[in-house]
Protein chains: 2
Amino acid sequence: MNKDQIESLIPLLKEKNLRVTPQRIQILTTLIDMNGHPTAEDIQKRIPIISLATIYNNLKLFVELGIINELPYGNGLSRFEFSQSNHYHVICESCGKIADINYPELTEIEEMVANLTGFSVNNHNMEVYGKCQECIEKG
Amino acid sequence: MNKDQIESLIPLLKEKNLRVTPQRIQILTTLIDMNGHPTAEDIQKRIPIISLATIYNNLKLFVELGIINELPYGNGLSRFEFSQSNHYHVICESCGKIADINYPELTEIEEMVANLTGFSVNNHNMEVYGKCQECIEKG
DNA sequence: TTGTGTGCAAACCCTTTGCATTTGA
DNA sequence: TCAAATGCAAAGGGTTTGCACACAA
């Protein structure tokens with residue numbers, strides 16, 4: 001996801017009678033700039049002019065629109081990332097940092113689970129837990 | 001995990017100078033009776049004589065002791081299960097219910113991630129998301 | 001013009017904590 | 001006996017909401 005692609009999201013908003021406000025553009029731009037998995041607070045530190053409430057409201061909106069994903073792992077606060085082709089996550093148990101893993105997608109498990117449990121299956125995630133290099137060095 | 005096995009946990013508590021209180025026994029027994037992935041509130045509904053604070057404090061203690069696992073998925077409230085051999089979870093996006101999946105463990109991913117990211121890896125989880133049969137029927 | 005979005009402060013909800021009282025060993 | 005556990009009520013911390021005002025279309 002790069003800055004030019006924000007423009008491709010604008011029609012999506014207009015389609016649903018949602019307004020293209022400076023705040024929405026800045027939140028999306030900041031998400032791109034941070035290039036990772038920031039929390040709502042991380043985002044607000046970059047754009048303190050925008051209220052936390054507006055950041056939360058819009059992150060929630062973008063999740064509903066499918067533009068971004070919410071990652072609820074780690075000590076009760078969510079992190080956000082742009083929706084993208086499937087990938088998994090490594091999570092640092094020490095600082096909560098998340099990194100992406102490129103790993104062939106395990107598609108077969110979804111069908112198996114549907115057959116086995118009677119759930120209608122939509123998707124799946126995998127998280128690997130450990131300690132990141134920075135935290136290892138800090139002890 | 002069955003009721004007899006609670007007795008095997010008692011030495012573990014005594015070893016650490018922790019007391020075997022009626023509350024602790026009841027919380028563990030209730031976890032067994034519920035045979036699933038209850039929330040702290042679910043447990044308290046079964047044993048309302050015990051305060052929520054005590055339930056939370058002890059669940060936290062049992063997690064630290066490695067007796068149970070905390071599952072932080074789903075709308076900001078944790079569910080708990082006895083620690084057991086590796087398995088994955090299916091989660092209902094509608095009601096939050098969790099069920100177990102028996103699936104061969106994906107051990108090779110841990111080493112791959114360690115090599116690729118420099119994390120020291122401890123373990124991994126997988127969750128499959130969908131809608132449970134009950135919620136499908138409810139529409 | 002007008003109804004959606006923003007931002008403040010307050011409310012919410014799950015979880016943790018301080019502290020007086022109870023209790024296991 | 002006495003340190004550890006309980007339970008109440010209050011505090012915490014992330015997130016959501018009510019409402020008056022601002023502003024995109």
Side-chain angles (χ1 to χ4, degrees), chain A residues 6-7 9-30 37-65 67-80 95-96 98, chain B residues 6-7 9-30 37-65 67-80 95-96 98:
Chain A
I6 286 188
E7 310 232 338
L9 299 174
I10 293 178
L12 200 95
L13 294 173
K14 293 194 170 164
E15 215 169 77
K16 311 229 171 193
N17 289 318
L18 297 168
R19 289 181 182 166
V20 180
T21 63
Q23 287 86 344
R24 287 181 178 162
I25 299 298
Q26 281 188 76
I27 291 168
L28 291 170
T29 308
T30 304
H37 310 80
T39 62
E41 203 191 341
D42 291 337
I43 294 170
Q44 216 238 354
K45 275 185 195 147
R46 290 277 194 110
I47 41 176
I49 329 100
I50 301 178
S51 75
L52 242 195
T54 295
I55 291 173
Y56 273 111
N57 287 337
N58 281 309
L59 288 172
K60 195 180 168 189
L61 174 73
F62 297 150
V63 169
E64 282 160 11
L65 292 174
I67 296 173
I68 64 176
N69 293 326
E70 183 174 355
L71 309 173
Y73 318 122
N75 326 313
L77 80 177
S78 285
R79 290 167 175 273
F80 299 87
C95 70
I98 297 181
Chain B
I6 286 188
E7 309 231 338
L9 299 173
I10 292 178
L12 198 97
L13 293 173
K14 292 194 171 166
E15 215 169 78
K16 312 229 169 189
N17 289 318
L18 297 168
R19 289 179 183 168
V20 180
T21 64
Q23 288 86 343
R24 286 182 177 161
I25 298 297
Q26 280 188 76
I27 292 168
L28 291 170
T29 307
T30 303
H37 310 80
T39 63
E41 204 192 339
D42 291 337
I43 294 170
Q44 216 237 354
K45 275 185 195 145
R46 290 279 194 110
I47 41 176
I49 329 100
I50 301 178
S51 76
L52 242 194
T54 295
I55 291 173
Y56 273 112
N57 286 338
N58 281 308
L59 288 173
K60 195 179 168 191
L61 174 73
F62 297 150
V63 169
E64 282 159 11
L65 292 174
I67 297 174
I68 64 175
N69 292 327
E70 183 174 355
L71 309 174
Y73 317 122
N75 327 314
L77 79 178
S78 285
R79 290 168 175 272
F80 298 88
C95 71
I98 297 181

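Quick note on labels: first sequence line is chain A, next is B, and so on, each numbered from 1.
Atom C1' of nucleotide D:dT15 and atom CD of A:Glu41 are separated by 12 Å, given to the nearest angstrom. Distance, B:Leu59 CG to D:dG7 P: 13 Å, rounded to whole Å. Rounded to an integer number of Å, the gap from CD1 of A:Ile55 to C1' of C:dG5 is 14 Å. Distance NZ (A:Lys45) to P (D:dG14): 10 Å, rounded to an integer number of Å. One can place CD of B:Gln44 at 12 Å from P of C:dC14, the figure rounded to the nearest angstrom. Rounded to whole angstrom, the span from the CG atom of A:Asp42 across to the P atom of D:dG14 amounts to 11 Å. Nucleotide C:dT16 holds its P atom 12 Å from the CG atom of B:Leu61, rounded to whole Å. Straight-line distance from the OH atom of A:Tyr56 to the P atom of C:dC12: 18 Å, rounded to whole Å.
Distances from the side chain of B:Ser51 to the nucleotides D:dA25, C:dA9, D:dC8 place D:dC8 closest. Counting only heavy atoms from C-beta on, B:Leu77 has its side chain closest to C:dT15 among C:dT15, C:dG5, D:dG7. Comparing atom distances between the A:Ala40 side chain and each of C:dT15, D:dG7, D:dT15 picks out D:dT15 as nearest. Side chain of B:Leu18, nearest nucleotide from D:dA24, D:dA5, D:dT15: D:dA5. Taking every side-chain heavy atom of B:Ser78 into account, C:dT15 is the closest of C:dT6, D:dC8, C:dT15. Distance from the side chain of B:Lys60 is smallest to C:dT17 among D:dT17, C:dT17, C:dC14.
For B:Arg24 and D:dA5, a side-chain-to-base donor-acceptor distance below 3.5 Å is absent, hydrogens and geometry of angles not being considered. Side-chain atoms of B:Arg19 stay outside donor-acceptor range of the base of C:dA25, with no qualifying N/O pair under 3.5 Å.
With the nearest nucleotide of DNA chain C identified for both B:Thr21 and A:Asn17, A:Asn17 has the one nearer the 5' end.
Within a 6.0 Å sphere centred on CD of B:Glu7, other residues, nucleotides and ligands contribute 12 heavy atoms or fewer.
Side-chain N/O atoms of A:Asn57 include none lying less than 4.0 angstrom from OP1 or OP2 on D:dT15. Under 4.0 angstrom from either OP1 or OP2 of C:dT6 there lies at least one side-chain N or O belonging to A:Asn58. Distances shorter than 4.0 Å separate none of the side-chain N or O atoms of A:Gln23 from OP1 or OP2 on D:dC23. Between A:Thr54 and the phosphate of C:dG7, there is a side-chain N or O to OP1/OP2 separation shorter than 4.0 Å.
At a threshold of 4.0 angstrom between heavy atoms, the contacts of B:Thr39 with the nucleic acid are absent. Across all strands, B:Ile49 comes closer than 4.0 Å only to sugar-phosphate atoms, never to a base (heavy-atom distances).
Counting only heavy atoms from C-beta outward, the side chains of A:Ile47 and A:Gln23 never approach each other to under 4.5 Å. In this structure the side chain of A:Leu61 reaches within 4.5 angstrom of the side chain of A:Arg24, judged on heavy atoms. In this structure the side chain of A:Ile27 reaches within 4.5 angstrom of the side chain of A:Leu59, judged on heavy atoms.
Judged by distance alone, with hydrogens and angles left aside, the side-chain atoms of B:Gln44 form a donor-acceptor pair with the main-chain N or O of B:Ile50 at under 3.5 Å.
A donor-acceptor pair shorter than 3.5 Å can be found between the side chains of A:Thr39 and A:Asp42.
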